[in-house]
Asker: 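Submitted below is the structure of interest, expressed as structure tokens.
Note: hydrogens, waters and symmetry copies are ignored here, and every other heavy atom, side chains too, is used.
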2 protein chains.
Amino acid sequence: MRNAEATKEKILEAAMAEFSAYGIAGARVDRIAKMAKCNKNMIYIYFENKEQLFSTVLEMHLTRVYEEFAFTPEDLPGYAARVFDFMMANPDLMRLMTWFTLEQKTEQLDQRKEAHNRKIAELAKAQEAGHIGTDFSPAFLLTSIMVLATAWMPTNPFGPSIDPASSGKTDELREAIMRAVGRLAGEPASTENR
Amino acid sequence: MRNAEATKEKILEAAMAEFSAYGIAGARVDRIAKMAKCNKNMIYIYFENKEQLFSTVLEMHLTRVYEEFAFTPEDLPGYAARVFDFMMANPDLMRLMTWFTLEQKTEQLDQRKEAHNRKIAELAKAQEAGHIGTDFSPAFLLTSIMVLATAWMPTNPFGPSIDPASSGKTDELREAIMRAVGRLAGEPASTENR
DNA sequence: GTTTACTAACTAACTGGTTAGTTCATAATA
DNA sequence: TATTATGAACTAACCAGTTAGTTAGTAAAC
């Protein structure tokens, strides 16, 4: 069966599994080839080298996320809940991003930075419009939300690895995260600050 | 100059730098030996093998943290601030912990789990005593605090790597983190929930 | 106090398995 | 037949771990 596209697809899938499990340095090209049931050479023909393959895999998955994922500045608890659900369903992506950050490959961050800046701008607008509180800067809010929404991923040293009791309590976690985000981004008018 | 203790010390120091930079898989024993200005064989004499060396380095640093670091359940914003300051001053340790979590070496977590459970128990007591709010479970609170306090470390994919503007604003960050933790752990009596 | 015997600290060179990347012959397809 | 996909075998470099031997310190024997 000759099918270049299908082979590429299988390689990308296997590479995702391998890289998310072992990182760039720990990943083995032979293992990827074996898992994809293709010859190692195909990997070098289709994807230059190991690093290029990693970049392709990461970029592919991130693009998918940015296309599918709506940011809703007026409903930040809901956004946090969706990030939480998505990441719980795709722990591999979170691992990939963490490996990437640790191995400090500075290239290819433009896409993410742009998306980040766009969100910050939207948050600022939402603050001006009074939809969300102004106690925290947009940048602080965004990072806080992302960090809370992904705190119970297996990549977090302070997450489930240290607190195994949390696994399985998905619904309680999502609910608590939403409340926490609400506390940070909540309308300041309705409470008595100062 | 012959000095076993000094040599061990130099190896541990070099290993810390190497492992935090490259992780276990990416670290090179030759590089550690060169950095420590000792012969590679000394590493194998003093520390069995590469993994053992990693474990020793991590354990050493964590023990130091657990001994020096007071947990203050009645002043959680202050605790968060101290975690923040400590981690900002020791980014290598955060990297080491993240590598460790990603490479899922399950051994040797007992020390950390114990410390974690002790903190959770203290938080529960503080809640009973009415020192802190009861809207979030102790486990949720603790993970949230740690995650917020370490969100602007270079290891976080949603931190400074994506938001370079945050670097340098240490004081603003610390202050915002303290306020955020206050929001999550604040006394519920003074606000009108429900 | 100086020679001898012993040991801990250290070194350089090596080994064998692993791994990223290549080559080339063959099979399928158009 | 020309082109493209594929896979087995190969290569060169790398790297964790080892070995065999050297040097420096120390203490007892004379």
Side-chain angles (χ1 to χ4, degrees), chain A residues 1-60 95-96 99-100 102-105 107-108, chain B residues 1-60 96 99-100 102-108:
Chain A
M1 208 175 289
R2 252 119 207 289
N3 192 335
E5 280 315 307
T7 305
K8 278 186 204 176
E9 207 57 50
K10 280 195 297 178
I11 291 171
L12 284 170
E13 203 177 312
M16 176 68 176
E18 178 75 8
F19 282 126
S20 84
Y22 302 103
I24 304 177
R28 295 293 166 252
V29 177
D30 287 285
R31 220 153 38 193
I32 294 173
K34 198 174 179 182
M35 210 187 308
K37 280 175 193 159
C38 79
N39 191 273
K40 186 162 61 149
N41 190 28
M42 305 315 300
I43 293 172
Y44 289 93
I45 289 173
Y46 292 139
F47 306 95
E48 197 83 21
N49 57 37
K50 194 178 161 181
E51 287 228 5
Q52 188 64 42
L53 177 59
F54 179 88
S55 297
T56 307
V57 169
L58 180 64
E59 189 168 1
M60 200 182 70
R95 289 181 60 86
L96 215 62
W99 285 119
F100 179 83
L102 277 176
E103 308 212 5
Q104 37 203 348
K105 312 281 170 216
E107 19 98 13
Q108 207 262 321
Chain B
M1 211 173 286
R2 260 126 201 281
N3 190 334
E5 280 316 307
T7 307
K8 277 186 204 173
E9 208 54 53
K10 279 195 298 179
I11 291 171
L12 285 170
E13 203 177 312
M16 176 68 177
E18 178 75 8
F19 282 126
S20 84
Y22 302 103
I24 304 177
R28 295 292 166 255
V29 179
D30 288 283
R31 219 150 39 189
I32 295 173
K34 199 174 179 182
M35 211 187 308
K37 281 177 191 157
C38 79
N39 190 274
K40 183 162 64 150
N41 193 28
M42 301 316 294
I43 293 173
Y44 289 94
I45 288 173
Y46 292 140
F47 306 96
E48 197 83 20
N49 57 36
K50 193 178 161 181
E51 287 227 7
Q52 188 64 44
L53 177 59
F54 179 87
S55 297
T56 307
V57 169
L58 181 63
E59 188 169 0
M60 202 182 68
L96 215 63
W99 285 118
F100 179 83
L102 277 175
E103 308 211 5
Q104 38 204 350
K105 310 282 169 217
T106 43
E107 18 95 15
Q108 207 262 319

Asker: Could you tell me the separation between the CG atom of N3(B) and the C1' atom of dG25(D), rounded to a whole number of Å?
Answerer: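 That distance rounds to 12 Å.
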Asker: Quick check against the 3.5 Å criterion: does E18(A) have a side-chain atom that pairs as donor or acceptor with the backbone of R28(A)?
Answerer: yes
Asker: Is there a side-chain contact between L12(A) and F47(A), using heavy atoms and a 4.5 Å cut-off?
Answerer: yes
Asker: N41(B) has a side chain; which of dG7(D), dT11(C), dT6(D) sits nearest to it?
Answerer: dT11(C)
Asker: Return the nearest nucleotide to the side chain of R28(A); candidates are dG17(D), dA20(C), dG7(D).
Answerer: dA20(C)
Asker: Give A33(A) one of three labels, base, sugar-phosphate or nothing, depending on what nucleic acid heavy atoms sit under 4.0 Å from its own.
Answerer: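 No contact.
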Asker: Taking the side chain as C-beta and beyond, is there a heavy-atom pair between Q52(A) and T56(A) under 4.5 Å?
Answerer: yes
Asker: Given atom NZ of K34(B) and atom C1' of dC15(D), what is their separation to the nearest angstrom?
Answerer: 15 Å
Asker: Under 3.5 Å, is there any donor-acceptor pair linking the side chain of N39(B) to the base of dA9(C)?
Answerer: no
Asker: For the side chain of K40(A) and the base of dG21(C), is some donor closer than 3.5 Å to an acceptor across the two?
Answerer: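 Result: at least one qualifying N/O pair found.
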Asker: Can you tell whether the side chains of E5(B) and K8(B) come within less than 4.0 Å, N to carboxylate O?
Answerer: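 Salt bridge between E5(B) and K8(B), a charged N being under 4.0 Å from a carboxylate O: yes.
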Asker: At 4.0 Å (heavy atoms only), tell me whether Y46(A) reaches a base, stays on the sugar-phosphate, or touches nothing.
Answerer: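 Sugar-phosphate contact only.
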Asker: For dT23(C), does either OP1 or OP2 sit under 4.0 Å from a side-chain N or O belonging to Y44(A)?
Answerer: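 No, Y44(A) has no side-chain N/O under 4.0 Å of OP1/OP2 on dT23(C).
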Asker: With the side chain of D30(B) defined as its heavy atoms from C-beta on, choose the nearest nucleotide among dA16(D), dT11(C), dA5(D).
Answerer: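 The nucleotide sitting nearest to the side chain is dA16(D).
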Asker: Rounded to whole angstroms, how far apart are CZ on F47(B) and P on dA9(C)?
Answerer: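 Those two atoms, CZ and P, are 13 Å apart.
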Asker: Is the F54(B) ring parallel, tilted or perpendicular to the F19(B) ring (thresholds 30°, 60°)?
Answerer: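 Aromatic pair F54(B)/F19(B) classed perpendicular.
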Asker: Would you classify A27(A) as touching base, sugar-phosphate or nothing, given that sugar-phosphate means primed atoms plus P, OP1 and OP2, and contacts are heavy atoms under 4.0 Å?
Answerer: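 Answer is sugar-phosphate: A27(A) comes under 4.0 Å of backbone atoms only.
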Asker: Report the distance from atom CD1 of I43(A) to atom C1' of dG7(D), rounded to the nearest whole Å.
Answerer: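 The distance from CD1 of I43(A) to C1' of dG7(D) comes to 13 Å, rounded to the nearest Å.
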Asker: Without decimals, in angstroms, what is the distance between M42(B) CE and dG17(D) C1'?
Answerer: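 Nearest whole value for this atom pair: 15 Å.
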Asker: Roughly how many Å is it from OH in Y22(A) to C1' in dT19(C), rounded to a whole number?
Answerer: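 Going from OH in Y22(A) over to C1' in dT19(C) covers 15 Å.
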Asker: Could you check how far NZ of K10(B) sits from P of dA9(C), rounded to whole Å?
Answerer: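 Those two atoms, NZ and P, are 14 Å apart.
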Asker: Could you tell me how far apart K50(B) (NZ) and dC14(D) (P) are, to the nearest whole angstrom?
Answerer: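 So the NZ-P distance, K50(B) to dC14(D), works out to 15 Å.
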Asker: I45(A) near the nucleic acid: base, sugar-phosphate alone, or nothing, with a heavy-atom cut-off under 4.0 Å?
Answerer: base
Asker: For dA5(D), does OP1 or OP2 lie under 4.0 Å from any side-chain N or O of T7(A)?
Answerer: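 Checking T7(A) against dA5(D): no side-chain N or O falls below 4.0 Å of OP1 or OP2.
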